[in-house]
Chemist: 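Below are the structure tokens for one structure; questions will follow.
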Amino acid sequence: QVQLAESGGGSVQAGGSLTLSCAVSGYYSGMAWFRQGPGSEREGVASICAGAGDTFYTDSVKGRFTIAQDNAKTTLYLQMDSLKPEDTAMYHCAAVERCFFTRLAGDVPSWRYWGQGTQVTVSS
């Protein structure tokens, strides 16, 4: 059983930065960040496979966001720089027990465990 808890959200001006954290317990191999804006479907933002260390990003955040984890694999991070108003969303971390993917894997049904989310608001 995997348990996830996000933190670090808040309100920032466009061009600012935020770092989101996800505390993780239980066994897992793959981790990801998703987001859901007002009136929008939940979309994959970034993912990482333990062991291989490969990272994947949706096109809209490449060069601005970075996904990473600590050596003990107890915390997942999303470093967000050069934030834009369109980044405003509820951000969720997700996990699976096996790294099945070789790309972003942004389809919601593929991910078994979810955190409750943390809100990010970017104003212009």
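What you see below is based on every heavy atom in this structure, not just the backbone, and it leaves out hydrogens, waters and symmetry mates.
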Chemist: Is the backbone of K73 close enough, under 3.5 Å, to the side chain of Y28 for a donor and an acceptor to pair up by distance?
Modeler: yes
Chemist: Any side-chain heavy-atom pair from L18 and V120 closer than 4.5 angstrom?
Modeler: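 Side chain of L18 against side chain of V120, heavy atoms only: contact under 4.5 Å found.
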Chemist: Backbone N or O of G9 within a donor-acceptor pair of the T118 side chain at under 3.5 Å?
Modeler: yes
Chemist: Treating H92 as the side-chain partner and F34 as the backbone partner, does any N or O pair qualify as donor plus acceptor under 3.5 Å?
Modeler: no
Chemist: Which residues pass the salt bridge (Lys or Arg N to Asp or Glu O under 4.0 Å) test with R35, sequence neighbours left out?
Modeler: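 In terms of salt bridge (Lys or Arg N to Asp or Glu O under 4.0 Å), with neighbours along the sequence ignored, R35 is linked to E43, D87.
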Chemist: Side chains of E97 and Y113 only: does a donor on one sit below 3.5 Å from an acceptor on the other?
Modeler: yes
Chemist: Determine whether a donor-acceptor pair (N or O, by modelled atom type, separation under 3.5 Å) exists between the side chain of W111 and the backbone of A105.
Modeler: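 The answer is yes, because a donor-acceptor pair under 3.5 Å joins these two groups.
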Chemist: Does some side-chain heavy atom of Y57 sit less than 4.5 Å from a side-chain heavy atom of L104?
Modeler: no
Chemist: Donor-acceptor check, side chain of E6 to backbone of G117, threshold 3.5 angstrom: yes or no?
Modeler: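 Judged by distance alone, yes, a pair lies under 3.5 Å.
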Chemist: Between D81 and S17, is there a donor-acceptor pair closer than 3.5 Å when you use the side chain of the first and the backbone of the second?
Modeler: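 No, the answer is negative, given that no donor and acceptor are paired below the 3.5 Å cut-off.
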Chemist: Can you find a pair of side-chain heavy atoms, one from L20 and one from M80, that are under 4.5 Å apart?
Modeler: yes
Chemist: Taking a hydrophobic cluster as the set of Ile, Leu, Val, Met, Phe, Trp and Tyr residues connected by side-chain heavy atoms closer than 4.5 Å, whether directly or through intermediates, do V45 and V24 fall within one such cluster?
Modeler: yes
Chemist: If the plane angle is over 60° it's perpendicular, under 30° parallel, otherwise tilted; pick one for F56 and F101.
Modeler: perpendicular
Chemist: So, do Q119 and Y91 sit near enough that their side-chain heavy atoms are less than 4.5 Å apart?
Modeler: no
Chemist: Taking S21 for its side chain and S7 for its backbone only, find out whether a donor-acceptor pair lies under 3.5 Å.
Modeler: no
Chemist: Ring centroids only, cut at 6.0 angstrom: are W33 and F65 within range, meaning strictly under it?
Modeler: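 No, the ring centres sit 6.0 Å or more apart.
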Chemist: Should we say atom CD of Q3 is surrounded by more than 12 heavy atoms from elsewhere, each under 6.0 Å from it?
Modeler: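 No, not enclosed.
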